[in-house]
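One structure below.
Note on naming: letters A, B, ... go to the chains in the order of the sequence lines (proteins, then strands), and numbering restarts at 1 for each one.
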Amino acid sequence: MIDIIVGHYNYWVVIFLMMAGFYTVIDRGNLIKKIAGLSIFQTSVFLLYISIGYVSDGTTPIIAEGFTRYSNPLPHVLILTAIVVGVSTTALGLALIVRINEAYGTIEEDEIHEQDKSL
Amino acid sequence: MIEQNLSLLLVVIPLLAAPVTAMLPAGRLPWLLTLIVSWTCLVIAGWQLSVVIDGSVISYELGGWAPPWGIEYRIDAMNAFVALILSGIAAITLPYALRTVEKDIPRHQTSLFYAVFLLCLVGLLGIAQTGDVFNLFVFLEISSLSSYVLIAMGEQRRALTSAFQYLIMGTIGATFLLIGIGLVYAETGTLNMVDLNLRLQPILDHRTVHTGFAFIVVGIALKLALFPLHLWLPNAYKYAPSVVSVFLAATATKVAVYIMLRMVFGVFSNDFVRITPTDQMFLLLGIFGVILASVTAIYQTDVKRLLAYSSVAQVSYMVLGMGLASVLGITATLVHVFNHALIKGALFMACGALVYRVGSSQFENLNGLGRQMPWTFSAIFIAGLSLIGIPGTAGFISKWYFMLAALEQQSWLIALVILLGSLLAVVYMWKIVEVMFLRPASDNVASVKEAPVSLLIPMWVLVIANIYFGFYTELTVNVADSAARLLGVAAYHE
């Protein structure tokens, strides 16, 4: 039991971050907080991939004398791409929020709904 | 040799053209380049399909790395079919784009608009071409990010909030897909679709595989606007600029249908669908989707929103086809992907023509407009008949195959739902006819002229295609059938 908890601590961190981020996206009405939640949610997936690449007793995947076990570099490469995607999503989301703020004068979801309804 | 490179060119040409377009001076030049690129893509896609139509496969190794280590573009009948639909719709949308973009988009932004349009096309074509699941995720995000931008370019400020809502939902969907791909990779150590399929078969009962599958299906379902995850779609289509509504309505959800087919049946397998309750889930959501989305469409007071809800209902038909999990079911789904792109393309183009002349798609502003704009109105009427599934139109062919697929398995309930969906389509399309033709013209429409010819020609090309593919079914049905067989879907046996 203790093995499952301690031995997989990185996966517990992943699950915690994933749920925290996802909950923030759903629950918060402030658009910036939504994007922050979305970022945390995506970051948890990066951690998941990096954990998958771990090989016990493996070193950094750079060929060097005296080392025969390396961590799997492929998930690292994949996640570099996913980080780029994540950064672009966040940037685009924030840019949209700037435009929304210019158009509505607020970034609170309920106030935006209120304004749209009164039209 | 040239055939092999075709698969890559289809992605590389628009990808290279996008930054060039962005740097061109505003005006008609960016449009011209985009037009040329999209027509080139159509030619390549047609060529590609003619190579693989006999069941052969084009395989291109990116960077010379042999699969399964490198990324492979693997083109079979289904990829080529989807790529043809995408580039065909892009090619027909662009002549339409010229006038509407001049009206909807500020002049100094036109170069950027067409650059983003090309990026969206790159993403969609990339999804169709690639044989690597991670590459698919990247292309999905390229197409999604650019479609958020395209939608946000709508005139009203609600375009911004709609795009933001789509961004949140779309990113959650894509991240779910990424989690699923990660879990499946952890189990198999490969990302190549064909290789994944082989390595997954012995371990289909592993819990990690099931979890990964669930994440993948839910993630794609968000992009697909599968009921009840469709809430982002109506606003996104309504507030987007007209040409963006046309393009996205005809392509974006169709590509998601392709991804679902490829992942569920191609990467996992038909056996897996049967041992998990996936097929029942598809059927259940499909039934609810067809009925509830059609009923919601009836209560809309805006043509664009009505058509958007109708799209949700039509996508649900495709999900029904997947739920039947037979060759006929998948064939029906693929045929409908093609036919629905024609139908919704024509309808959204007509709707865009109304917005072009009247400035609104609300029913209250369209009273009696049918007599002022007879060509646009008859386009809506004929495309509407096709949507309903009247014999002699493309829509009938899809409904016919859905019916055959349902009856093959004696699913009377599904057959009934397909009929009911058509009846509900009669009701909501009749609402448009009633407003536009039967109501007396109100003052604001008295001086409205017919839409410009550059809008009418693409619209009528699609309308005529609707009738043409209602009689000539060789292309659609044969390709869809061989694609369904290649997917390894076993014929249905009770």
**OP:** Under the side-chain contact (heavy atoms from CB on, under 4.5 Å) rule, what do A/Leu78 and B/Leu191 come out as? Steps first, then yes or no, please.
**Re:** CA-CA 11 Å; A/Leu78 296 180; B/Leu191 293 164; 3.7 Å; yes

**OP:** Begin from the C-alpha positions of B/Arg157 and A/Asp116 and carry the test side-chain contact (heavy atoms from CB on, under 4.5 Å) through to its verdict.
**Re:** CA-CA 9 Å; B/Arg157 62 177 182 178; A/Asp116 279 335; 4.2 Å; yes

**OP:** List the steps, then state whether side-chain contact (heavy atoms from CB on, under 4.5 Å) holds for B/Ile179 with A/Met18.
**Re:** CA-CA 10 Å; B/Ile179 298 170; A/Met18 203 178 269; 3.6 Å; yes

Subject >> Derivation and outcome, side-chain contact (heavy atoms from CB on, under 4.5 Å), residues A/Thr81 and B/Phe134 >> reply: CA-CA 10 Å; A/Thr81 317; B/Phe134 194 83; 3.9 Å; yes

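Within the 4.5 Å cutoff, side-chain heavy atoms of B/Ile181 are placed close to those of A/Tyr49.
Shown here is A/Tyr9, whose OH atom has no more than 12 heavy atoms of other residues, nucleotides or ligands within 6.0 Å. Within a 6.0 Å sphere centred on NE2 of B/His206, heavy atoms belonging to other residues, nucleotides or ligands number more than 12. The number of heavy-atom neighbours closer than 6.0 Å to OH of A/Tyr11, taken from other residues, nucleotides and ligands shown, is above 12. Counting non-hydrogen atoms of other residues, nucleotides and ligands closer than 6.0 Å to CZ of A/Arg69 gives a total above 12.
Ranked by non-hydrogen atom pairs under 4.5 Å with chain B, the options A/Ile97, A/Thr89, A/Ile79 are led by A/Thr89. Between chain B and the residues A/Val84, A/Ile112, A/Leu74, the largest count of heavy-atom pairs under 4.5 Å involves A/Leu74.
With a threshold of 4.5 angstrom between heavy atoms, A/Phe22 approaches chain B through side-chain atoms but not through N, CA, C or O. Contact of B/Ile172 with chain A is made through backbone and side chain together, with heavy-atom distances under 4.5 Å. Within the 4.5 angstrom heavy-atom criterion, atoms from both the backbone and the side chain of A/Ile100 approach chain B. Both the backbone and the side chain of B/Phe164 come within contact range of chain A, each with at least one heavy atom under 4.5 Å from a heavy atom of that chain.
Taking CD of A/Gln115 as the reference point, atom OG1 of B/Thr161 lies at 10.5 Å (rounded to 0.5 Å).
Annotation for A/Pro75 and B/Tyr185: closest pair CG-CE2, 3.8 Å, computed over non-hydrogen atoms. Minimum heavy-atom separation, A/Leu38 to B/Ile168: CD2-CD1, 4.2 Å.
Applying the side-chain contact (heavy atoms from CB on, under 4.5 Å) test between A/Leu96 and each of B/Leu160, B/Ile151, B/Val149 identifies B/Leu160 as the sole match.
Side-chain atoms of B/Tyr148 do not come within 3.5 Å of backbone N or O of A/Leu92 as any donor-acceptor pair.
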